[in-house]
2 protein chains.
Amino acid sequence: MISPLPRDLFDPACPSNATPFQIGDKWAGMVLVCLEEGPRRFSELRVPLHRVSAKVLAETLRALERDGMVTRTAYDEVPPRVDYALTPLGRTLFPAMDACRAWAAEHLTEVLDARDDYARRGA
Amino acid sequence: MISPLPRDLFDPACPSNATPFQIGDKWAGMVLVCLEEGPRRFSELRVPLHRVSAKVLAETLRALERDGMVTRTAYDEVPPRVDYALTPLGRTLFPAMDACRAWAAEHLTEVLDARDDYARRGA
DNA sequence: GACGTCGGTAACTGCAACGTAACCGGGGCG
DNA sequence: CGCCCCGGTTACGTTGCAGTTACCGACGTC
């Protein structure tokens, strides 16, 4: 067991949930963040990503595997076990992702204020 | 007239077209890039963004205006004239966008190779 | 009077994303 | 026997995004 994933990515206070950037599809960025500290099993990923159905998580993981961002390792055991880990290529995404998340953390309130102003002007 | 927009953003060689990142929606990032050098009219934006329908471009611009990224200025003239310009907040996005585009420029071939490998393993 | 310009909007259509629920194998366990 | 475990797959329905087409007003031009 590596360290737990303490963050709730769906917390409205979490900038990653409000970033205007996305990686690939809607969930791929969050999956990469969940893998940052080490390999995870399918069902471990489902805990922090509880808003994602198994189907969509499986599709997201296969897309990331296809693009060389993660590796999928199946162990021939009972009960079956599979884990997913970042590749070196996947790790190269973090600087860019961090820049996006930093932008969101810094400017989120400005965006929300702009939306309020816009709504009031329309009203 | 400011300088023209020479790049074809849909050129397969253009990394911005292959970035796994998006800003907001599918087109917003490209619109911001097109506005980087100065204000543009609606129909000027349609030239480099010729793959976007007028409807979607209008929706994208309104979303960016709502979020305080661009300003819309309508001149009461005949024929009507409207232009769009980046706000200071919109300009703050460029460092993060540049990080994303740099990632794509650097790693695009690796992603394409990974896809080829994946397709061959599946075949 | 017909047509073009500019910056859109409205209505319709198709399709991809996403969610839900059921089901799978192959063993362990009560 | 019957049910649980894990890591999914399959079928099916809904939602929302994107594209196409047609149309608008107010004026200039042929």
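Chain letters run A, B, ... following the sequence lines, proteins first, then strands; residues in each count from 1. Just the heavy atoms: all of them, side chains too, but no hydrogens, waters or symmetry mates, feed the values below.
- Applying the 4.0 Å criterion to OP1 and OP2 of C:dT5, one finds that B:Ser43 has every side-chain N and O outside that range.
- Annotation: the span from B:Arg120 atom CZ to B:Asp116 atom CG amounts to 5.5 Å, rounded to 0.5 Å.
- For A:Arg62, taking side-chain heavy atoms from C-beta onward, the closest of the listed nucleotides C:dC6, D:dT9, D:dG7 is D:dT9.
- To the nearest angstrom, C1' of C:dG8 lies 15 Å from CG of B:Asp83.
- To the nearest 0.5 Å, the span separating CZ on A:Phe94 from CZ on A:Arg101 amounts to 7.0 Å.
- Rounded to a whole Å, the CG atom of B:Leu49 is 12 Å from the P atom of D:dG19.
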Anything under 3.5 Å between a donor and an acceptor, one on a side chain of residues 52-60 of chain B, the other on a protein residue two or more places apart or in another chain? List them.
{"from": "B:Ser53", "atom 1": "OG", "to": "B:Val56", "atom 2": "N", "distance (Å)": "3.3"}
{"from": "B:Thr60", "atom 1": "OG1", "to": "B:Val56", "atom 2": "O", "distance (Å)": "2.8"}

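- Considering only side-chain N and O atoms, A:Arg41 lies nowhere under 4.0 angstrom from the phosphate OP1 or OP2 of D:dC6.
- Nearest-nucleotide positions on DNA chain D for B:Val78 and A:Phe42 put A:Phe42 closer to the 5' end.
- With a 6.0 Å cutoff to the six-membered ring centre and a 45° limit on the axis angle, B:Arg81 counts as a cation-pi contact of B:Tyr75.
- A salt bridge links A:Arg115 with B:Asp67: the distance from a Lys NZ or Arg NE/NH1/NH2 to an Asp or Glu carboxylate oxygen falls below 4.0 Å.
- Rounded to whole Å, the distance from OH on A:Tyr75 to P on D:dG8 is 13 Å.
- Remark: C1' of C:dG7 and CG of B:Asp76 are 13 Å apart, rounded to the nearest angstrom.
- Atom CD in B:Glu77 sits roughly 14 Å away from atom P in C:dG8 (whole-Å rounding).
- Spacing between atom CZ of B:Arg40 and atom P of C:dC6 amounts to 16 Å, rounded to whole angstrom units.
- Side-chain atoms of A:Tyr84 lie closest to D:dG8 of the nucleotides D:dG8, D:dG7, C:dT9.
- Proximity of A:Arg81 to the phosphate of D:dC5: no side-chain N or O atom is located under 4.0 Å from OP1 or OP2.
- Between the side chain of A:Arg66 and the main chain of B:Asp117, no donor-acceptor pair closer than 3.5 Å is present.
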Legend entry - B/S/- contact track for nucleotides 15-25 of chain C, protein heavy atom under 4.0 Å: ---BBB----B
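- Distance, A:Arg72 CZ to D:dC6 C1': 12 Å, rounded to whole Å.
- Straight-line distance from the NE2 atom of B:His50 to the P atom of D:dG19: 13 Å, rounded to whole Å.
- For B:Arg46, no side-chain nitrogen or oxygen approaches OP1 or OP2 of C:dG8 to under 4.0 Å.
- Distance CZ/B:Arg91 to CG/B:Leu86: 5.0 Å, rounded to 0.5 Å.
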